[in-house]
Amino acid sequence: MGGRNLTRREALVWELAPSGAMRVPCLLFGSSPLIDALEDGVLTQLRNVASLPGVVAPVVAMPDAHPGYGFPIGCVAAFDPEAGGVVSAGGVGFDIACGVRTLLTDLDAADVAPVREVLADALFARIPAGLGGTGGLRLSERDMDRMLAGGAVWAVTEGYGEAGDLTRCEEGGRMEGADPEAVSSRARERQRDALGTLGSGNHYLEVQRVEEICDARAAAAFGLRPDQVAVSIHCGSRGLGHQVATDHMAIMRQAAPRHGISLPDRDLACAPIASPEGARYLGAMRAAINCALAGRQVITHLVREVFAALFPGCHLRLLYDVSHNTCKVERHPTRRGNQQLHVHRKGATRALGPSHPDLPQAFRGVGQPVLVGGSMGTASYILSGTDASPPAAFASACHGAGRTLGRKQAVKRFPGRGVLAALTAKGISLRAHDLRGLGEEAPQAYKDIEEVIQAAHGLGLAVKTARLRPLACIKG
DNA sequence: ATGTGC
């Protein structure tokens, strides 16, 4: 590809060969049009990530990649602790454990249609959201510690949700190795009464209809059927994760010279996995993962209350909960054998195949549900993980449609009022706390989800299982 | 993404 030093390796695989300070090559996943449309910033950021100490080949860009903070969003990068590998607070980013959770109802779209506006109003009233949104629960210091160590497991013991939900969460709903003590008092204060709130930006709660089943076997195993109503929740660790990132980036930047690390980009603040700074960040990050898991668990409870009031006897079963901004310790086959690596996924979801040992029992033989949220007003997809995924992907897939326009550009170009009108015209009940923020999320500011999913499916990162369409959407 | 926007 002219001027970009990209070599096409396969129909959907492009290589960025090492140059300059790069230690390993990068692989970019996507069709020719997707790669053509990539912003240069993605390539620069990939080169920077590939220059970090202890990075394991290759650094990967998913089909939904776009420029992010330090790492591109839609990036997977693994590091070897025994080769001086680092963990990067900037790489994981500000919204630690931002993720998607999908609940499946036993309702048909026809059941919801007559009360769609009422349902949207009820969800909007019940689910706290918006910038600075509070009104969830208020945590004592003791409960804060329990939440940070216990995640969704803690939330269930507090009465939010059902024990059965936990087997349908990554890590069983509780991330091991969390160190609540590594979470600053400022981070705690920001979260004090924000747990169970949706947040803002691209976060949303969507009521969806299963529009098409693409893989009957996987869909049956997941409990998906045509016309079924589902609810997807997309949110993260709110102010706490943001503050953990801020705190530890400052610590890592200060410690970098001591570890002999010169940062290619100050946003890539990192520390050796084996260092005190690295270990402390990992402990705090895992606590933030628990915060996000607990938050989505609390929201699940609120959603169930709303549905129970409108549809007596209705049950919402959790399909799965995935995080797409994390760093996790996993074993992966590499040229050096089966290595234990720290895998950063920034805007990338894990996609475990049917025989992966970390897969929850319920999905053995099928693969992990891979939840991919589309842009506002467009389709979302549920895919299933596959054993045939290319090893270079470190068992990962895309996480969304991916932006084509930055937030500021999008706001300038798309007034919120127009976005609201367009979605309303499409039969979607939209409720938003911030009209201006809607412009940021205009569908035109995102790639075509169909193109992204086609690439992921074609690469074998995950297999298309079902497509869902929004009926109602709650925005921060 | 986010209690501190360019």
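Chain letters run A, B, ... following the sequence lines, proteins first and then strands; every chain starts at 1.
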Asker: Rounded to whole Å, please give me the gap between CZ in R407(A) and C1' in dA1(B).
Answerer: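 Rounded to whole Å, this separation is 6 Å.
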Asker: Hey, does G241(A) reach any base, or is it just sugar-phosphate, or nothing, if we go heavy atoms under 4.0 Å?
Answerer: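 Nothing, no heavy atom under 4.0 Å.
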Asker: Fit a plane to each ring of F124(A) and H433(A), take the angle between them on a 0 to 90° scale, and name the class: parallel (under 30°), tilted (30 to 60°) or perpendicular (over 60°).
Answerer: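 Taking H433(A) first and then F124(A), their aromatic rings sit tilted (interplane angle of 30° to 60°).
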Asker: Under 4.0 Å: is that the gap between some side-chain N or O of R238(A) and OP1 or OP2 of dA1(B)?
Answerer: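 Answer is no, no contact under 4.0 Å.
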Asker: Tell me: NE2 of H203(A) to C1' of dT2(B), nearest whole Å?
Answerer: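 The answer, rounded to whole Å, is 10 Å.
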Asker: Between atom CG in L131(A) and atom C1' in dG5(B), what is the gap in whole Å?
Answerer: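 Rounded to the whole Å, the gap is 11 Å.
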Asker: Are any of N202(A)'s side-chain N or O atoms less than 4.0 Å away from OP1 or OP2 of dA1(B)?
Answerer: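 Yes.
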Asker: Looking at every strand, decide which applies to E441(A) at a 4.0 Å heavy-atom threshold: base, sugar-phosphate, or nothing.
Answerer: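 Result for E441(A) = sugar-phosphate.
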Asker: Mind calculating the distance between CD (Q409(A)) and P (dC6(B)) to the nearest angstrom?
Answerer: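 So the two atoms are 16 Å apart, to the nearest Å.
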Asker: So, E171(A) and R350(A), do they make that salt bridge, N to O below 4.0 Å?
Answerer: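 Counted as a salt bridge, because a side-chain N and a carboxylate O are separated by less than 4.0 Å.
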Asker: Nearest-Å distance, NE2 (H433(A)) to C1' (dA1(B))?
Answerer: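 So the two atoms are 17 Å apart, to the nearest Å.
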Asker: Hey, can you tell me if F79(A) and F71(A) have their rings parallel, tilted or perpendicular (30° and 60° cut-offs)?
Answerer: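 Rings of F79(A) and F71(A): tilted, as their planes differ by 30° to 60°.
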Asker: What integer distance in Å separates K408(A):NZ from dG5(B):P?
Answerer: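 Whole-Å distance recorded here is 11 Å.
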Asker: Please report, rounded to the nearest Å, how far the P atom of dT2(B) is from the CG atom of L240(A).
Answerer: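 Spelled out: CG on L240(A) to P on dT2(B) is 12 Å.
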Asker: Please classify the nucleic acid contact of G239(A) as base, sugar-phosphate, or nothing, using heavy-atom distances under 4.0 Å.
Answerer: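 G239(A): backbone/sugar contact only, no base atoms under 4.0 Å.
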Asker: Strictly below 4.0 Å: does S200(A) bring a side-chain N or O up to OP1 or OP2 of dT2(B)?
Answerer: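 Checking S200(A) against dT2(B): at least one side-chain N or O falls below 4.0 Å of OP1 or OP2.
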Asker: Calculate the interatomic distance between D247(A) atom CG and dA1(B) atom P; express it in whole Å.
Answerer: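 For the pair D247(A) CG and dA1(B) P, the rounded distance is 20 Å.
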Asker: Can you establish whether the number of heavy atoms outside Q254(A) located under 6.0 Å from its atom CD is more than 12?
Answerer: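 Atom CD in Q254(A) is not crowded, with 12 or fewer foreign heavy atoms closer than 6.0 Å.
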Asker: Using modelled atom types only, decide if a donor and an acceptor are shared between the side chain of R186(A) and the backbone of Q243(A) within a distance under 3.5 Å.
Answerer: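 Side chain of R186(A) to backbone of Q243(A), a donor-acceptor pair under 3.5 Å: no, none is there.
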Asker: What about R186(A): does its side chain form a donor-acceptor pair under 3.5 Å with the base of dT4(B)?
Answerer: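 Indeed there is one.
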